[in-house]
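Each remark here refers to the structure printed beneath this line.
Basis for what follows: all heavy atoms, side chains included, without hydrogens, waters or symmetry-related copies. Naming: A, B, ... by sequence-line order, numbering from 1 per chain.
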Protein chains: 2
Amino acid sequence: MLRLYDNITSGNGYKCRWLLTQLDMPFERVEVDIDKAESRTPAFLAINPNGRIPLLRLCPGDYLAESNAILRWIAEGTSFWPDNRRDKAAVLQWLFWEQYNHEPNIATARFWITHKVPMTPERVHALVLKREAGHAALKLMDDHLRHRDWLVGQHCTIADIALYAYTHVADEGGFDLGGYPAVCRWIDRFAQQPNHILITDRVGTDVPYDPATLA
Amino acid sequence: MLRLYDNITSGNGYKCRWLLTQLDMPFERVEVDIDKAESRTPAFLAINPNGRIPLLRLCPGDYLAESNAILRWIAEGTSFWPDNRRDKAAVLQWLFWEQYNHEPNIATARFWITHKVPMTPERVHALVLKREAGHAALKLMDDHLRHRDWLVGQHCTIADIALYAYTHVADEGGFDLGGYPAVCRWIDRFAQQPNHILITDRVGTDVPYDPATLA
């Protein structure tokens, strides 16, 4: 059975949880306490040298990292991955944009605030820049969604899943979504899908974190 | 004909130039002066709202952004994109890792230094963090390449192209590659491929930048 190394506060983990649930794919879920650096232990680094969650165990000894690569793998053969070359390219464009322009600003701001990371003078300054870049990202999405229901094509794809994860909780990072009406309508639309789960829902079969049996 | 909006100093642009040349695909190349903010003009923002190069015009009016999404599009049906699901997932994992863990550290440090960006106290501090994270990325690559010729599978894929772009010029960002022997061997191996071009090679058919006819 698939096993997801995850953290319940992570939007990147939520992307994977959401799609697995949506597709009724059974999976085990291991809660990794990132505040206790459980993803940076020697045992964890042996299965993901990058020391991050989410991490999907495809089978014992075989791991896939990077939330958007995991999304793409799960979506194979489903309606969440387009069936034509041009739309596939557009979805990948959004996925790379999310990891470069959206997540490092909106998700990192949320992480610093909600995980109570010490706000050094450098972080205070960095937060100003993240606020600016994060709002630019939200504006780009709002412009794009003004006359569209979904980011690519006529229905929900993994581009929407990847962007929904941190956009719908952007307020927890100090981003007011009030100025982005098209984004707000898209958030409502997304949440109306059958089998929708919340970022706080602990889905999957619970498997305890055990460094001795990580692999 | 394909048209690449590019900047000759950009490793992200080089990825696309390199693969198009490797595959003998004819293309036009428009040099965009990013130091003069030519990618942030209203005319350019109309074709890429994210205001960045590289940007590939697939046909008039149809544009693809994000260097790694462009790489993936170009590589369709070639040996640079694996033919099995597991290796495809591994390649995408590296591409997302490159944009999140490698490029923002190694490429941005190089950009600040080579483009003579004013080094404010905040940038001086940020550079220290980028140096640390960049070396962690290089170490991860070195460990992975110790017993392998290529990042994924038995031959060069777009994962290698994406990582080569900024790794082989990391010294221009102040990163000494001396401590990464496996990376150095991989860099030599990469450059021995037929049709290899340098990051400074102005390939493709030169088309002048003209805001009036960008589309």
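For the atom pair Leu92(A) CG and Leu64(B) CG, the distance stands at 9.0 Å (nearest 0.5 Å).
Looking at Ile70(A), there are no atoms closer than 4.5 Å to chain B (heavy atoms on both sides), in backbone or side chain.
With respect to chain A, the highest number of heavy-atom pairs below 4.5 Å among Ala65(B), Ala90(B), Ala89(B) belongs to Ala65(B).
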Mind listing the donor-acceptor pairs under 3.5 Å that bridge chain A and chain B?
| residue | atom | partner | partner atom | Å |
| --- | --- | --- | --- | --- |
| Asn50(A) | OD1 | Trp97(B) | NE1 | 3.3 |
| Asn50(A) | ND2 | Asn101(B) | OD1 | 3.4 |
| Asp62(A) | OD1 | Arg86(B) | NE | 3.1 |
| Asp62(A) | OD1 | Arg86(B) | NH2 | 2.8 |
| Asp62(A) | OD2 | Arg86(B) | NE | 3.0 |
| Tyr63(A) | O | Arg86(B) | NH2 | 3.0 |
| Ala65(A) | N | Gln93(B) | OE1 | 2.9 |
| Trp73(A) | O | Arg85(B) | NH2 | 2.6 |
| Arg85(A) | NH2 | Trp73(B) | O | 2.6 |
| Arg86(A) | NE | Asp62(B) | OD1 | 3.1 |
| Arg86(A) | NE | Asp62(B) | OD2 | 2.9 |
| Arg86(A) | NH2 | Asp62(B) | OD1 | 2.8 |
| Arg86(A) | NH2 | Tyr63(B) | O | 3.0 |
| Gln93(A) | OE1 | Ala65(B) | N | 2.9 |
| Trp97(A) | NE1 | Asn50(B) | OD1 | 3.3 |
| Tyr100(A) | OH | Glu103(B) | OE1 | 2.6 |
| Asn101(A) | OD1 | Asn50(B) | ND2 | 3.4 |
| Glu103(A) | OE1 | Tyr100(B) | OH | 2.6 |

